[in-house]
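Just so it is clear: chains get the letters A, B, ... in the order the sequence lines come, proteins before strands, and each one is counted from 1.
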Amino acid sequence: GENVEQHPSTLSVQEGDSAVIKCTYSDSASNYFPWYKQELGKRPQLIIDIRSNVGEKKDQRIAVTLNKTAKHFSLHITETQPEDSAVYFCAAGSWGGSTLGRLYFGRGTQLTVWP
Amino acid sequence: ETGVTQTPRHLVMGMTNKKSLKCEQHLGHNAMYWYKQSAKKPLELMFVYNFKEQTENNSVPSRFSPECPNSSHLFLHLHTLQPEDSALYLCASSQGQGPYEQYFGPGTRLTVT
């Protein structure tokens, strides 16, 4: 099955700096890559996703890039703010095949933004 | 409450008890999921239901028994659990079984003593 690796496991940045979280996946059939944010004591929530027909997607201060050849995708947060502090999970899934509907999650990255 | 709700939010049970977790979604979705979230581990998919039919059982021990009476409700029946089953159990739903956004519930924090 799919294997998603996520790095780093923890990341500390100063407010206003950028943060980058990287994920790799193993199954070339994966074509859907969402990112979820989980604040302390709260449920995971989707913040951005990308499908394999695009290489980059932006939404205000967050962006995701995808390199299908190298099987990796990254989350970029610019101008970080203390409220960005949370655990971020990447995931990989596919539209078809035997694993339809299944998301494979990375282990998560604890991002801390210091004021 | 709108979205995905879960009850109870916290549960402490002994290894010989039988209990059930409940999930309800108010989003009109057709697919529902159970996940287990343990410390320092990836979210682990346990079960998937699509239009009330179980479509995936991710090699979950039989002491966990899911039930999906309709597209809005999902249960997880628990019996003779082990201490290592202590975790946060998250329910999620999505428009369909595919790469759609999954909406998570707040979770049930389970402690097995």
Side-chain angles (χ1 to χ4, degrees), chain A residues 1-10 23-27 29-54 57 59 66 73 86-110, chain B residues 1-7 9-10 23-25 27 29-60 68 71 87-109:
Chain A
E2 174 67 280
N3 181 43
V4 178
E5 299 283 343
Q6 182 172 349
H7 299 279
S9 57
T10 59
C23 289
T24 60
Y25 62 98
S26 60
D27 189 350
S30 291
N31 52 20
Y32 173 64
F33 307 92
W35 286 87
Y36 284 80
K37 175 183 180 183
Q38 187 175 26
E39 297 178 51
L40 186 63
K42 296 191 175 180
R43 70 193 77 191
Q45 290 190 294
L46 180 74
I47 54 171
I48 195 168
D49 59 14
I50 191 168
R51 299 173 195 271
S52 61
N53 56 340
V54 298
K57 184 176 178 181
D59 183 2
L66 170 65
F73 56 112
V87 178
Y88 292 80
F89 295 95
C90 64
S94 67
W95 279 105
S98 61
T99 57
L100 176 65
R102 178 172 185 171
L103 287 179
Y104 296 82
F105 285 87
R107 289 178 177 267
T109 296
Q110 172 67 62
Chain B
E1 187 177 350
T2 58
V4 181
T5 59
Q6 287 186 246
T7 55
R9 296 292 306 277
H10 300 272
C23 175
E24 184 172 358
Q25 59 95 1
L27 300 168
H29 289 165
N30 297 311
M32 296 188 78
Y33 311 79
W34 277 118
Y35 285 92
K36 176 183 179 182
Q37 186 174 34
S38 306
K40 299 184 179 179
K41 283 189 173 182
L43 277 165
E44 300 173 63
L45 179 67
M46 301 175 72
F47 302 102
V48 181
Y49 278 82
N50 192 35
F51 289 97
K52 303 187 300 177
E53 299 297 321
Q54 184 176 305
T55 57
E56 183 152 355
N57 175 339
N58 190 27
S59 302
V60 181
C68 188
S71 293
L88 181 68
Y89 288 84
L90 290 162
C91 171
S93 71
S94 64
Q95 176 183 337
Q97 186 176 354
Y100 301 104
E101 178 176 359
Q102 294 189 12
Y103 292 78
F104 285 85
T108 295
R109 173 69 61 185

Atom [atom1] of [X] and atom [atom2] of [Y]: how far apart are they, to the nearest 0.5 Å?
{"X": "B:E101", "Y": "A:L103", "atom1": "CD", "atom2": "CG", "answer": "11.0 Å"}
{"X": "B:L43", "Y": "A:R107", "atom1": "CG", "atom2": "CZ", "answer": "11.5 Å"}
{"X": "B:S94", "Y": "A:L46", "atom1": "OG", "atom2": "CG", "answer": "11.5 Å"}

Are any side-chain N or O atoms of A:R43 and backbone N or O atoms of B:F104, one a donor and one an acceptor, separated by less than 3.5 Å?
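Present.
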Contact part of A:F33 toward chain B, heavy-atom cut-off under 4.5 Å: side chain, backbone, both or neither?
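It is neither, since no heavy atom gets under 4.5 Å.
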Where does A:Q110 contact chain B at under 4.5 Å (heavy atoms): side chain, backbone, both or neither?
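Answer is neither: A:Q110 stays 4.5 Å or more from chain B.
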Taking C-beta and beyond as the side chain, do B:E44 and A:F105 meet within less than 4.5 Å on heavy atoms?
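In short, these two side chains do not touch, never coming nearer than 4.5 Å.
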Taking side chain as C-beta onward, heavy atoms only, is B:Y100 less than 4.5 Å from A:Y32?
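They are not in side-chain contact.
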Using non-hydrogen atoms only, which part of B:L90 is less than 4.5 Å away from chain A: side chain, backbone, both, or neither?
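For B:L90, side-chain heavy atoms alone lie under 4.5 Å from chain A.
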Is the number of heavy atoms from other residues, nucleotides or ligands within 6.0 Å of OH (B:Y49) greater than 12?
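Yes, the 6.0 Å shell around OH holds more than 12 heavy atoms from other groups.
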Among the listed options A:P44, A:P34, A:S9, A:G106, the residue most often paired with chain B at heavy-atom distances under 4.5 Å
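The residue among A:P44, A:P34, A:S9, A:G106 with the greatest pair count is A:P44.
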